[in-house]
Amino acid sequence: MDINTRREEAAAAFAAKGLPTVKEEAWRFTNVSRLNEETFDAVWQAAEVSFDPLSDLVVVFENGKWSVEASSLDGLPEGVRVRSIMDSADARLGTLADSDSGFVLSNTAQFSDGILIEVDAGVVLEEPIHVVHLADAEGGSFAYRHLIAAAAGANVTVIEEYIGSAGVRYLTNVVTEAFVADGAKVDHYKIQRESAAAYHFQTLESELGGDALFSNHAVTVGGRLGRNDIRGRLLGEESEAICNGLYLLGEDQLFDTHLFMDHAVPKCQSHELYKGILSDQARAVFCGRILVQQDAQETDAIQSNGNLLLSRAAKVNTMPQLEIYADDVKCTHGATIGELDEQALFYLQTRGMDPQQAHGMLTFAFANEVLDEVACSVVKLRIEAMVQAWLAGVNE
Amino acid sequence: MKIEDEKSFDELTDKEYKYGFVTDIESESLPPGLNEDIVREISRRKEEPEWLTEWRLKAFRAWQKMETPEWAKVEFPPIDYQALSYYSAPKQKIDAPKSLDEIDPELLETYEKLGIPLREQEMLAGVVAVDAVFDSVSVATTFKGKLEEMGIIFCSFSEAVKDHPELVKQYLGTVIPTKDNYFAALNSAVFSDGSFCFVPKGVRCPMELSTYFRINAANTGQFERTLVIAEEGAYVSYLEGCTAPQRDENQLHAAVVELVALEDAQIKYSTVQNWYPGDKNGKGGIYNFVTKRGHCRGDRSKISWTQVETGSAITWKYPSCVLKGDDSVGEFYSVAVTNNMQQADTGTKMIHVGKNTSSTIISKGISAGRAHNSYRGLVRIGPTAENARNFSQCDSMLIGDRCGAHTFPYIDVSNPSAQVEHEATTTKIGEDQIFYCNQRGLDTEEAVSLIVNGFCKEVFRELPMEFAVEAQKLLGISLEGSVG
């Protein structure tokens, strides 16, 4: 099916189905009905938002379109191709993303741009590719479609960063598909710091071959209402998926994470560590589902979700789920919700810290567990700074 | 029930479960079907007051507008509610087996393994009526007299409606409203009978109340309704069901249990459920759709649910606690065993409303054969529940590679002072563990039983003494044939 037919079909399906409602189990805590009442239009204009590149390889999207001037792909080695998704009709597009979801359908029908990263077999790209999305168009609607394909034994790091101009209202709807072939390794990072009035939705789908590794770290501080749908399919033996995340929410933010790990074959591993800190009236939703299919023996799946509530009005809904059809597996999940340990706070104060310092230190330590897992040092520094800035904002 | 169901049901009664039943509709039974007239007729035959008839009708009208819930991880063909008969008079003794010689030897063997006394075996197999078990009415009257002296009311639901209508009216449906869910609404409309227990202020019930002592409620039927009320400072421990496989001709069971604990009151509710699970291929078996909920209304009240679920083709059951009073405590201890084609979707809800409330959830799911066992639970800490605590532990054990074990917890927290912890693990019985036991002279089946019992120990120790020993043996029997 060519891409235009696919887009037309998705448009028709979306027109019939619309956005998900709270009647659907997967959306019961995340009401997106207000999106139907607000209007968003595709506006393609340059964006006046500053950013710090994390790599020499930078691709910049401004209000929905690839900006050639701001992007820089000099020094891209042989065997690595980075282009706009609009320039190539990749047959794999849409084969992973769940076509049933309203956001995916809408994205397929409407995406205005996106990145296609292809890494040939055995090619190792040391330098990360920094994909920056800038938004400052009031009422804008930005639909991005990304595709990452790492051939056998290839190795690539991709950083998706979303930055919005303060106070601007817009809608970002992203679908990213990652194909990780046998023995390949894809490290994927997502830093979401959209404007506080923005809406942000992403579906990230990955498919892993044998002995492959896919890692995803998602850090969220922005957006009024947002959701990450992250799904991984482990289709080759001995593959490993890592999905970690950190969400720092305040005011009336609502952020939803839906993780789904599908262990289809034996001897795979998946590790998920999600942490959240909530202040004000913020709400977090976390649903992590691990499916171990029949005969997917020797699966090792660990999931944990920790939440720290800093305010009386904050709220958390967490649903760690296991669905297991094989007996020789090691699967655990855990979830905790609470406030800072009084005794730990007291201990630090007896060592001469004032309450605020003690509070800050313990809160940072809580988040730091996720940071420890970040391998890419430039990303780690960026996230660390974000966490510190966020905490400073809370303590004000 | 649909035709194929009816067929399987017939086969169930005709073959594997051939304990002398006939399915002929007796003269005193109502014809199959469900409508307002049937509901009225049930109420009339039970000589119920008008308010209760109206209450049933309200539930029935609500039920008509509801849809069968489909969220549980269980599969069964649609049930034709118009094909069921909703009222049958107590069974004629002529239809029952004359002696234990007529009973399936396999069943007798099971009784033997459970160590059930002969007279009790006869009762369970339906050879004698339950009131004959304790040999005379006097035993029962002794118990009843003793309870009455203390002001405890323990009787069948129908008796309670006649003798204590004010209490029934005050509490019925206040924990589980008629419209609560599909099966609760159905039960509210057509409930046949059940138990009623009222423990007055400051009284500690001196014995475990159980169906053993309940003489007149032998035929509570498939839509059982239980109401337990513990007034200020009262204590009661209630046992439901029994460890032995019970004969039962109804395929659909939709029971409702309501518990009310006032200030400083404690209710301990233990269940052992071992209904017919169907054969190895999943033919027949009981559908057990139960709504159980307790209200901790007063401060410092406590409700504790303990359940051992080994029977039924489908178990759909979530005993819950609403912790309204400050410092109230909710507990849920569960062992659910599924073998062959059984399906269980069970768990609990802990709703924290009051300050300093705490809840504990310990769930052990064991799945063997081609069975599916799900834990589904909700822990909700409301905005007013200061310093609430919850600890949940859901462990699954898989025996064989064709079964499934699933965990679906929901945790909603709206108060920062809450401390909520949930953990779940999945394990199997290690070959090294079996090997070790074999070395020490235990055969594989014994080894499995031993290991599984160890896995469930935390729950078994919550059971009243008389149940605990039997439950352990029962576990071994339920898992027979699951290994090797």
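From a predicted model like this one, the values you see are computed outputs, not experimental measurements. Here is how names work: the chains are called A, B, and so on, in the same order as the sequence lines, proteins then strands, and each is numbered from 1.
- Ring centers of B/Y333 and B/W305: at least 6.0 Å apart, outside the cut-off.
- In this structure, the ring of B/Y318 has its center less than 6.0 angstrom from the ring center of B/W316.
- The greatest number of non-hydrogen atom pairs below 4.5 Å with chain A, out of B/R380, B/K73, B/Q419, is found for B/K73.
- With chain A as the partner, the residue from B/I411, B/L398, B/V379 showing the most heavy-atom pairs under 4.5 Å is B/I411.
- Taking the six-membered ring for Trp and the full ring otherwise, B/Y375 and B/F332 have centroids separated by 6.0 Å or more.
- For the set A/N307, A/L309, A/T318, the entry with the most heavy-atom pairs within less than 4.5 Å of chain B is A/T318.
- At a 4.5 Å heavy-atom cutoff, B/R376 makes no contact with chain A through either its backbone or its side chain.
- Among B/G430, B/A418, B/P409, B/S414, the residue with the largest count of heavy-atom pairs under 4.5 Å with chain A is B/P409.
- When A/E323, A/H333, A/Q303, A/H258 are each tested for a side chain to side chain donor-acceptor pair (under 3.5 Å) with A/R289, only one passes: A/E323.
- Considering only heavy-atom pairs separated by less than 4.5 Å from chain B, the leading option among A/L340, A/T332, A/N317, A/L322 is A/L322.
- B/N390 and B/S359 share a side-chain donor-acceptor pair at under 3.5 Å.
- Of the listed residues A/A335, A/G338, A/S311, the one with more heavy-atom pairs under 4.5 angstrom with chain B than any other is A/A335.
- Here OG1 of A/T363 is found 8.5 Å from CH2 of A/W390. Values are rounded to the nearest 0.5 Å.
- A ring-centre distance under 6.0 Å is not found for B/Y410 and B/W71.
- Proximity to chain B is limited to the side chain of A/F29, based on heavy atoms less than 4.5 angstrom apart.
- Chosen from B/Q393, B/E386, B/M397, the residue pairing most often with chain A at heavy-atom distances under 4.5 Å is B/E386.
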